[in-house]
Peer 1: 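What follows is a single structure, and I will ask about it in a moment.
In what follows, every chain begins at residue 1, and chains take the letters A, B, ... in the order their sequences are listed.
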2 protein chains.
Amino acid sequence: MALLDLLGRRWALRVIWELRERPATFREVRERCGGVSPAVLNDRLRELREAGVLEHDDPEGYRCTAHGLALVQALAPLDAWAKAWAKRAARESRSTSDAG
Amino acid sequence: MALLDLLGRRWALRVIWELRERPATFREVRERCGGVSPAVLNDRLRELREAGVLEHDDPEGYRCTAHGLALVQALAPLDAWAKAWAKRAARESRSTSDAG
DNA sequence: TGGCATGCTACGGATTCTGTAGCAGCTCTT
DNA sequence: AAGAGCTGCTACAGAATCCGTAGCATGCCA
């Protein structure tokens, strides 16, 4: 899985995820990701562009390519799992302070 | 996506992936992951156990829980995308040295 | 008692991420 | 022309993380 070299890095999946619906400028992506360092963000954006997942369009900013959108769709089951996992985690943490 | 705090770290997805079919001992996981540092591996294994994704069984070693197996299934489309992406990447790199 | 496996810890050095400051280019307004 | 505000992006120091290797404590078997 060479994929993990690309997506295993910090913010990589997050950046794609934040661009899944609509494009965003560099600074906007930064805000959506909670103020990542622009150096790291620039690295990720470049890597993801080189991987053909993102592209840069002058007026609109960064956006997913067709490949990127396919990746987002492949991420959907993961998102569904994450939601179920979050519920479980919430139950767990509740059970540490509440015996019910 | 608090999921990314868990899976966005290095080796997290890889460890799960390597345990998707059969359990493995600490040292065996280490080998399957290309010799990760045991310190990092120990961190990941603990985090993933606390997240309920993995569990430790004395005779067999580490293995995926039911939650973990659900995650592996959620990872399947991602794997499929990765395979298609790898083909594209191979074509790309070929086209840099070969004009055909 | 010695050999071999287990899970795991320690530590120095390299890599990566964070957080803030700032540059150069373009557009709009006055 | 000058100023404000946006754009993408770079620089740098300090913190966090990862890597690579060495080694410990335990349990099993002869």
Peer 1: Going by heavy atoms in the side chains, are A:Leu7 and A:Ile16 under 4.5 Å from each other?
Peer 2: yes
Peer 1: Just by protein heavy atoms under 4.0 Å, how would nucleotides 12-25 of chain C read 5' to 3' in B, S and -?
Peer 2: ----SSBBBB----
Peer 1: What integer distance in Å separates A:Glu31:CD from D:dG8:C1'?
Peer 2: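 To the nearest whole Å, that distance equals 14 Å.
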Peer 1: Find out whether B:Val15 and B:Val36 are in side-chain contact, i.e. whether some heavy atom of one side chain is under 4.5 Å from a heavy atom of the other.
Peer 2: no
Peer 1: Rounding to an integer number of Å, can you tell me how far B:Leu45 CG sits from C:dT9 P?
Peer 2: 11 Å
Peer 1: Find the distance A:Glu60:CD to D:dT7:P and express it as a whole number of Å.
Peer 2: 14 Å
Peer 1: Please examine the side chains of A:Leu69 and A:Gln73, heavy atoms only from C-beta on, and report whether any two atoms are closer than 4.5 Å.
Peer 2: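 Sidechains of A:Leu69 and A:Gln73: no contact.
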Peer 1: Measure CG/B:Leu41 against P/D:dC18 and give the value in whole Å, please.
Peer 2: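 Nearest whole value for this atom pair: 12 Å.
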Peer 1: With sequence neighbours left out, which residue pairs that include part of residues 59-80 of chain B fulfil the ring pair (Phe, Tyr, Trp, His ring centres under 6.0 Å) condition?
Peer 2: B:His56-B:Tyr62
Peer 1: Rounded to the nearest angstrom, tell me the gap between atom CD in B:Glu28 and atom C1' in C:dG7.
Peer 2: 14 Å
Peer 1: How would you list, by chain and number, every residue that makes a side-chain contact (heavy atoms from CB on, under 4.5 Å) with A:Arg63, sequence neighbours excluded?
Peer 2: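 Applying side-chain contact (heavy atoms from CB on, under 4.5 Å) to A:Arg63 gives A:Pro23, A:Glu55, A:Asp57, A:Glu60.
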Peer 1: Going by the rule ring pair (Phe, Tyr, Trp, His ring centres under 6.0 Å), which residues pair with A:Trp81 if we only count those two or more places apart in sequence or in a different chain?
Peer 2: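 A:Trp81 satisfies ring pair (Phe, Tyr, Trp, His ring centres under 6.0 Å) with A:Trp85 once adjacent residues are dropped.
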Peer 1: Mind checking whether B:Arg14 and B:Arg44 have side chains closer than 4.5 Å, heavy atoms only?
Peer 2: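 A side-chain contact under 4.5 Å is absent here.
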Peer 1: Generate the contact string for nucleotides 25-30 of chain D. Rules: B means base contact, S means sugar-phosphate contact only, - means no protein heavy atom under 4.0 Å.
Peer 2: ------
Peer 1: Should A:Tyr62 be listed as having a side-chain N or O under 4.0 Å from OP1 or OP2 of D:dC9?
Peer 2: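 Answer yes for this pair, as a side-chain N or O of A:Tyr62 is under 4.0 Å from OP1 or OP2.
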Peer 1: Is the phosphate of D:dC6 approached by A:Thr25 (side-chain N or O, under 4.0 Å from OP1 or OP2)?
Peer 2: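 Answer no for this pair, as no side-chain N or O of A:Thr25 is under 4.0 Å from OP1 or OP2.
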Peer 1: Kindly state each residue pair satisfying salt bridge (Lys or Arg N to Asp or Glu O under 4.0 Å) with at least one member in residues 20-35 of chain A, sequence neighbours excluded.
Peer 2: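 Non-adjacent pairs meeting salt bridge (Lys or Arg N to Asp or Glu O under 4.0 Å): A:Glu28-A:Arg32.
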Peer 1: Taking the side chain as every heavy atom from C-beta outward, state whether A:Leu54 and A:Cys64 have any atom pair closer than 4.5 Å.
Peer 2: yes
Peer 1: Given C:dT9, is OP1 or OP2 found less than 4.0 Å from the side-chain N or O atoms of B:Asn42?
Peer 2: yes
